[in-house]
Amino acid sequence: SGGGGRGGGGGARGQKRKRGGGKGPNQDLHRIVKLIMTRNLNPVIVFSFSKKDCEKYALELKREDYTDEVEKDLISQVYSNAIESLSEDDRKLPQVEALLPLLKRGIGIHHGGLLPILKEIVEILFSEGLIKCLFATETFAIGINMPAKTVVFTDTRKWDGKEIRWVTSGEYIQMSGRAGRRGKDDRGVVIQMMDEKMEPAVCKGILYGDPDPLNSSYKISYNMLLNMLRVEDVDPEYLLRASFHQYQQESEAPALETKADEMESEANAIEVVPDGSPEDAAAVGEYFGMDRQLLLTQRKMMRIQRRPEHILPFVQSGGRLIDVTIDGENYGWGVIVRYKRKAGTGTAGSAGKAASNAETGPTHCIDVLLGCVDRHFDDVSKDAKSRREEDLTNLGLLWRGTSRHCRPSLPNDNPEIASMREFTVGLDAIDRISAVRLFVPQDTKPTEARKNIMNSLGEVQRRFPDGLPLLDPVKDLKINVGEFNKLLERASELKGRLASHALSTEVEEKVRLERVGAYERKSELMEGARMLRREARSCQTMVMKDDLRKMKRVLKELGHVDGAGVIQTKGRTACEINTANELVVVELVFAGVFNDLTVEQCVALMSCMIYDERSKDEEDPAQGLKSYLSGPYYKLIEHARSVAKVAISCKIELNEDEFVDKFNPGMMEAVYAWCKGAKFVEVQKLTGTFEGSTIRALRRLEELVRQLASASKAIGNLELQAKFEKGSDLLKRDIVFCSSLYL
């Protein structure tokens with residue numbers, strides 16, 4: 001199954017996109033679905049990367065009707081039979097009541113926020129062909145076999161927990177692969193809605209890119225480690241050596257060794273001095289070493305010269321010539337247009353602090369005109385021909401330059417494509433500062449003004465064939481620093497030694513440059529080969545060996561095992577917990593935190609361990625909680641901090657605040673009310689999440705409470721065991737634990 005198609009997006013190409021907002025995308029989607037139905041390309045799955053967008057787009061079509069009377073009766077029958085197992089109150093839940101009218105019109109919704117029973121109803125109706133248009137998140141494309149005739153993507157970017165990024169090739173194939181039913185359709189149709197410009201390379205990567213690599217996510221947990229330590233003759237290191245993670249790491253070593261051999265062969269093939277003796281090559285090496293030392297010394301000197309107290313008086317007025325390097329590329333001599341100081345620096349008050357803290361580039365900024373060539377001109381492909389012609393026509397209009405879009409102009413470049421553009425750089429981009437100044441008009445944007453400056457710069461360089469005169473660090477810049485004087489002496493000494501070296505006195509300059517260049521290439525290749533061999537050796541050492549040693553130290557510090565590695569009572573308790581952070585849970589048990597709490601408080605407190613929805617209140621997540629819930633929560637945080645401190649002291653990479661922030665009290669009130677017998681509809685009002693997310697959290701919580709009952713039994717605390725068993729019974733009721741329709 002496969003096929004191509006493209007839908008229109010909301011807004012002009014290249015405009016700033018508004019995620020899920022405005023009427024444009026919704027109307028476009030409405031038209032696309034209408035077209036699909038008219039051309040009989042249904043059933044269609046509309047993929048969206050947001051639960052809210054799924055519901056919003058589905059409700060936009062609530063006036064449409066894609067089913068006949070027979071299908072409507074069938075849908076009603078399936079729906080009423082499915083929800084018979086629910087109590088009267090649960091049947092009146094807003095989500096349960098709102099879905100049936102949409103389903104009867106042939107429109108479905110499927111995402112993680114739906115009640116599990118409603119997701120199953122939607123899946124059954126879709127597989128029977130009763131849902132013509134389904135709005136789903138990408139989870140619908142994974143695991144369950146639900147093909148359609150057409151697939152529509154409402155977006156090409158998704159939030160992955162860290163950033164909004166383009167979908168990967170693997171994700172796209174997984175979802176678009178739903179288009180086309182085996183034995184029913186001769187082809188599948190995929191429609192991609194676009195609301196922003198996409199570069200051809202990105203598009204090609206999504207459509208034809210390599211599948212997502214299969215990398216091991218194997219990680220040792222404290223629970224796993226303790227369960228191995230409690231069994232005699234079981235070595236945790238054996239398990240690590242036998243893991244796929246170790247195999248993957250070791251499999252990289254032969255390729256690295258081969259590459260290192262190739263680099264060494266290439267280096268050995270380079271003749272530094274053709275037909276020369278080893279002594280000749282050694283002489284070139286000596287010259288190269290001194291030349292490299294001189295370069296490093298000059299860079300250190302330039303760092304001192306670039307200090308604001310020395311250089312600012314000479315860059316604050318326009319016209320000064322400076323040699324500029326941006327991101328490792330040398331743009332040569334440029335002309336300063338103006339100097340700017342970042343607003344807010346050096347001022348008091350909150351505004352000044354905010355401005356200085358803002359990451360908006362360097363404090364001292366210089367606008368400088370530099371000779372450059374637009375990188376588009378380097379693209380010689382046929383596709384770029386029209387763009388090159390357009391760029392050539394508009395060349396004079398472009399006056400702003402960045403290192404991303406422009407490269408330094410080279411001697412062999414066509415003069416027609418070279419231009420002077422205004423770059424903004426910091427003081428650290430200055431390599432050299434000249435004593436020469438040119439006249440610069442106030443407005444350098446007009447093409448003629450920049451052309452005149454370029455001609456003047458060329459004339460100055462012709463007048464000084466041996467190089468432009470530079471400002472003297474001591475006389476002009478008034479540098480009187482002991483460190484600088486030492487560097488000056490060292491540079492002078494190195495220059496003298498280089499001038500008197502046999503390579504300078506006995507060999508022509510062209511030959512000398514060739515030999516030094518060859519020696520540099522050879523050195524770089526040999527160094528690269530050494531690095532690769534070092535990497536290959538590290539691949540063959542046991543992965544996570546250091547982590548294992550540190551984790552054992554943490555377990556000893558917290559009393560889970562003794563000095564000889566024999567498991568203790570605390571460790572036996574932690575062996576039973578794998579749903580939440582076992583170390584923190586065990587600390588709470590042994591500190592007696594649960595002893596003075598009621599069953600409902602215990603269960604509510606444990607909800608902090610499994611609830612992972614993002615908290616809206618950044619300051620204090622427990623703000624607004626009743627004292628009988630906030631008190632236990634603050635005790636939990638206290639013990640979590642102590643566990644984090646022990647882990648950090650054992651050299652485990654951990655951020656204490658991030659670790660503590662994982663314990664989210666957002667479900668405490670809802671869980672407390674549920675354990676007190678409240679109806680699901682009332683509990684849902686206390687959460688602020690989707691119903692499906694609440695049920696998923698309660699099911700995970702019940703599993704954790706059950707594990708705590710087993711842990712209490714393992715250490716012989718029957719009172720605590722009875723408390724958690726009762727907690728498990730309080731959680732297991734009504735819609736949260738209703739049986740699956742597939743069973």
As an exercise, state the distance from CG of L588 to CG of L636, rounded to the nearest 0.5 Å. 5.5 Å
Report yes or no: does E669 contribute a side-chain atom to a donor-acceptor pair with the main-chain N or O of L686 at less than 3.5 Å? no
What residues, two or more places apart in sequence or in another chain, satisfy ring-ring contact (aromatic ring centres under 6.0 Å, His included) together with F737? none
Roughly how far, to the nearest 0.5 Å, is the CG atom of D28 from the OG1 atom of T154? 11.5 Å
If you measure from CD1 on I131 to CD1 on I45, what distance do you get to the nearest 0.5 Å? 10.5 Å
Determine whether a donor-acceptor pair (N or O, by modelled atom type, separation under 3.5 Å) exists between the side chain of T67 and the backbone of K72. no
Sequence neighbours excluded, the answer for side-chain hydrogen bond (donor to acceptor under 3.5 Å, both in side chains) partners of N581 is none
Ignoring hydrogens and angles, state whether a donor on the side chain of Q684 or T694 is under 3.5 Å from an acceptor on the partner side chain. yes
Can you name the residues that form a side-chain contact (heavy atoms from CB on, under 4.5 Å) with S127, not counting sequence neighbours? M146
Does the side chain of S221 reach to within under 4.5 Å of the side chain of N578, using non-hydrogen atoms? no
List in chain and number order the residues that pass side-chain hydrogen bond (donor to acceptor under 3.5 Å, both in side chains) with N42, two or more places apart in sequence or in another chain; answer none if no residue qualifies. none
Hits for salt bridge (Lys or Arg N to Asp or Glu O under 4.0 Å) against E171, two or more places apart or cross-chain, chain-then-number order -> K158, R165
With a 4.0 Å cut-off on N to O distance, would you call E702 and R706 a salt bridge? yes
Spatial distance of atom OH (Y57) from atom CG (L61) [nearest 0.5 Å]: 11.5 Å
Mind checking what makes side-chain contact (heavy atoms from CB on, under 4.5 Å) contact with D68, not counting sequence neighbours? V70, E71
One pair to check against salt bridge (charged side-chain N to carboxylate O under 4.0 Å, His left out): D729 and K726. What are the steps and the verdict? CA-CA 5 Å; D729 294 339; K726 190 184 175 188; over 6 Å; no
List, one per line, each side-chain donor-acceptor pair under 3.5 Å for residues 673-680, sequence neighbours excluded.
unit_1 : atom_1 : unit_2 : atom_2 : d
W674   : NE1    : L731   : O      : 3.0

Is it true that atom NZ of K713 has more than 12 heavy atoms of other residues, nucleotides or ligands lying nearer than 6.0 Å? no
The side-chain contact (heavy atoms from CB on, under 4.5 Å) partners of K52 (sequence neighbours excluded) come to S50, F690
Looking at K149 and I36, would you say the former's side chain and the latter's main chain have a donor-acceptor pair under 3.5 Å? no
Verdict with reasoning, E88 to R91, per salt bridge (charged side-chain N to carboxylate O under 4.0 Å, His left out): CA-CA 5 Å; E88 283 295 324; R91 284 180 212 173; 3.4 Å; yes
Could you tell me whether the side chain of R181 reaches within less than 4.5 Å of the side chain of P43, counting heavy atoms only? yes
Would you mind reporting whether V167 and F47 have side-chain heavy atoms less than 4.5 Å apart? no
Side-chain contact test, heavy atoms from C-beta onward, threshold under 4.5 Å: evaluate it for V190 versus Y172 and give yes or no. yes
What's the shortest heavy-atom distance between L86 and I735, and which atoms? CD2-CG1, 3.7 Å
Does some side-chain heavy atom of M606 sit less than 4.5 Å from a side-chain heavy atom of V603? no
Polar side-chain atom of E691 near backbone of L115 as donor-acceptor pair, under 3.5 Å: no
With sequence neighbours excluded, tell me which residues meet side-chain hydrogen bond (donor to acceptor under 3.5 Å, both in side chains) with K662. none
Interatomic distance, D734 atom CG to D90 atom CG [nearest 0.5 angstrom]: 5.0 Å
Can you confirm whether more than 12 heavy atoms, excluding those of K51, are under 6.0 Å from its NZ atom? yes
Hey, are the side chains of V589 and N717 touching, using non-hydrogen atoms and a 4.5 Å cut-off? no
Can you tell me how far apart CG (L118) and CG (L103) are? Round to the nearest 0.5 Å. 8.5 Å
Would a 4.5 Å heavy-atom cut-off, applied to side chains only, mark S728 and K732 as touching? yes
Output yes when a side-chain donor or acceptor of K723 lies under 3.5 Å from a complementary backbone atom of L597, and no otherwise. yes
Over all heavy atoms of both residues, which pair between M667 and S607 is shortest? Give the atoms and the distance, please. C-OG, 3.8 Å
Could you list the residues that satisfy ring-ring contact (aromatic ring centres under 6.0 Å, His included) with F659, not counting sequence neighbours? F663
Could you list the residues that satisfy side-chain contact (heavy atoms from CB on, under 4.5 Å) with A82, not counting sequence neighbours? I121, L741
CD (E97) with more than 12 external heavy atoms under 6.0 Å: yes
Using a 4.5 Å cut-off on heavy atoms from C-beta on, say whether the side chain of Y628 contacts that of T598. no
Any residue meeting side-chain hydrogen bond (donor to acceptor under 3.5 Å, both in side chains) with E576, in chain and number order, not counting sequence neighbours: none
